[in-house]
Number of protein chains: 2
Amino acid sequence: MVNELCETTIIDKKSVEAIKKAMIERGTADRLAETFKALGDPTRIKIIYALSKKRLCVCDLSATLGMSQSAVSHQLRILRNLKLVKFEKKGKSVYYSLDDDHILSMFEKCVEHVNEQKER
Amino acid sequence: MVNELCETTIIDKKSVEAIKKAMIERGTADRLAETFKALGDPTRIKIIYALSKKRLCVCDLSATLGMSQSAVSHQLRILRNLKLVKFEKKGKSVYYSLDDDHILSMFEKCVEHVNEQKER
DNA sequence: TGAACATATGAACAATTGTTCATATGAGAT
DNA sequence: ATCTCATATGAACAATTGTTCATATGTTCA
């Protein structure tokens with residue numbers, strides 16, 4: 001075994017073993033982390049918010065956020081790669097929208113959490 | 001006005017203006033992003049997952065994840081700062097648990113999203 | 001009081017990130 | 001074809017990140 005750490009004491013060995021056994025796999029953890037990370041930037045949060053209101057092309061999204069087309073396009077790629085947004089080509093334009101309902105749910109849960117923190 | 005970008009064409013001016021007006025504030029976007037970012041790391045994902053199973057002290061969490069106490073403690077601070085986890089001192093130990101139900105909801109929605117992507 | 005233990009934290013480092021600038025691609029219009 | 005427009009992408013850079021190592025804090029027990 002490689003992962004044996006002798007460093008720390010274990011207080012509740014039973015629980016540790018049980019949770020260790022049930023632990024999510026490396027790949028799953030990575031994928032979840034990547035997905036959250038993709039939402040972990042103010043620019044991309046604004047993009048998600050804007051797209052939750054309406055399907056938008058890149059140039060209108062740039063105008064909405066007051067950011068360069070390049071910056072927005074780079075960020076869209078990240079969201080695209082993690083399937084957080086989907087897109088449709090229409091002539092010269094490319095229209096983006098949220099990929100599925102989970103995205104908006106996560107967004108809303110996060111808003112609730114943040115608002116609840118404020119109230120305390 | 002400072003934020004005038006002349007660079008891009010606007011296709012749907014009405015929508016752009018409407019969404020611009022309804023856009024979330026800078027502070028809110030930052031806070032949301034920070035919260036998502038805090039979840040955007042495999043180590044912290046595993047911590048959240050472990051704590052969703054059971055309240056755990058730092059040393060048991062270290063053992064569960066097979067990581068150093070220091071590394072876990074640093075990550076816990078990030079989760080603590082964003083109120084994603086709460087803690088309780090008990091003798092020499094400090095027990096951590098998820099702060100509220102939104103955290104687990106977000107986690108679960110993300111799992112659903114990731115699983116749905118796999119199926120496609 | 002002092003020793004042992006659980007946790008937190010500061011400094012340091014490589015690795016990753018978000019933006020800008022310049023340029024490429026690819027579609028529609030002339 | 002050529003020109004223009006909408007979008008994508010590569011390179012470069014400062015800024016931020018996660019871990020390790022060393023050390024500090026604070027609690028319990030003798």
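Values below: every heavy atom of this structure, side chains too, minus hydrogens, waters and symmetry copies.
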Tabulate below the donor-acceptor pairs under 3.5 Å that side-chain atoms of residues 73-82 of chain A make, not counting sequence neighbours, or state none.
unit_1, atom_1, unit_2, atom_2, d
Gln75(A), OE1, Arg44(A), NH1, 2.6
Arg80(A), NH1, Tyr96(A), OH, 3.0
Asn81(A), ND2, Arg77(A), O, 3.4

* Asked: Can you check whether Lys92(A) has a side-chain N or O nearer than 4.0 Å to OP1 or OP2 of dT25(C)?
  -> no
* To do: With rounding to the nearest 0.5 Å, note down the distance linking OG in Ser52(A) to CD1 in Ile47(A).
  => 12.5 Å
* Derivation of the salt bridge (Lys or Arg N to Asp or Glu O under 4.0 Å) call for Lys54(B) and Asp12(A) -> CA-CA 11 Å; Lys54(B) 199 166 195 300; Asp12(A) 182 354; 3.4 Å; yes
* Is a side-chain donor or acceptor of Tyr49(B) paired with a backbone partner of Ala22(A) at a separation under 3.5 angstrom? -> yes
* Asked: With distance as the sole criterion, do the side chain of Ser70(B) and the base of dT9(C) form a donor-acceptor contact below 3.5 Å?
  -> yes
* Can you tell me the distance, in whole Å, between the CG atom of Leu76(A) and the P atom of dA6(D)? => 16 Å
* In whole angstrom, give the distance that lies between atom CG of Leu56(A) and atom P of dA6(D). => 15 Å
* **Value in whole Å for how far the P atom of dA6(C) lies from OH of Tyr95(B)** => 10 Å
* For Tyr96(A) and dA6(D), is the shortest distance between a side-chain N/O and OP1 or OP2 below 4.0 Å? -> no
* Asked: Would you say a side-chain N or O of Ser73(B) is under 4.0 Å from OP1 or OP2 of dA6(C)?
  -> no
* Hey, is the side chain of Ser68(A) poking within less than 4.0 Å of OP1 or OP2 on dT19(C), counting only N and O atoms? -> no
* Can you list the steps and then say if Leu84(B) with Asp99(B) is a side chain to side chain contact (heavy atoms under 4.5 Å, CB included)? -> CA-CA 5 Å; Leu84(B) 294 170; Asp99(B) 187 280; 5.7 Å; no
* Structure fact -> Separation of dT17(D) atom C1' from Asn81(B) atom CG, nearest Å, is 15 Å
* Asked: How long is the line joining CG of Leu39(A) and P of dG18(C), in whole Å?
  -> 12 Å
* dA6(C) base / Gln69(B) side chain donor-acceptor hit below 3.5 Å -> no
* To do: Step through the shown structure and confirm whether more than 12 heavy atoms of other residues, nucleotides or ligands are within 6.0 Å of CG on Asp101(B).
  => no
* Counting only side-chain N and O atoms of Thr43(A), is one of them less than 4.0 Å from OP1 or OP2 of dG18(C)? -> no
* According to the 5.5 Å centroid and 30° plane-angle thresholds, does His74(A) stack upon the nucleobase of dT19(C)? -> no
* Asked: According to a strict under-4.0 Å criterion, is Arg77(A) in side-chain N/O contact with OP1 or OP2 of dA8(D)?
  -> no
* To do: Specify the separation, in whole Å, of atom CG of Leu61(A) and atom P of dT7(D).
  => 9 Å
* Give Ile10(A) one of three labels, base, sugar-phosphate or nothing, depending on what nucleic acid heavy atoms sit under 4.0 Å from its own. => nothing
* Structure fact -> Nearest-nucleotide check on DNA chain C, Ala71(A) vs Cys59(B); residue mapping nearer the 5' end is Cys59(B)
* Asked: Closer than 4.0 Å, any side-chain N/O of Gln75(B) to the OP1 or OP2 of dT17(D)?
  -> no
* Structure fact -> Between CG of Leu79(B) and C1' of dG18(D) the distance, given in whole Å, is 13 Å
* At under 4.0 Å, does any side-chain N or O of Arg80(B) touch on OP1 or OP2 of dT9(C)? -> yes
* To do: Report the distance from atom CD of Glu34(A) to atom P of dT17(D), rounded to the nearest whole Å.
  => 17 Å
* Check every strand shown and say whether Lys90(B) touches a base, only sugar-phosphate, or nothing at a heavy-atom separation below 4.0 Å. => nothing
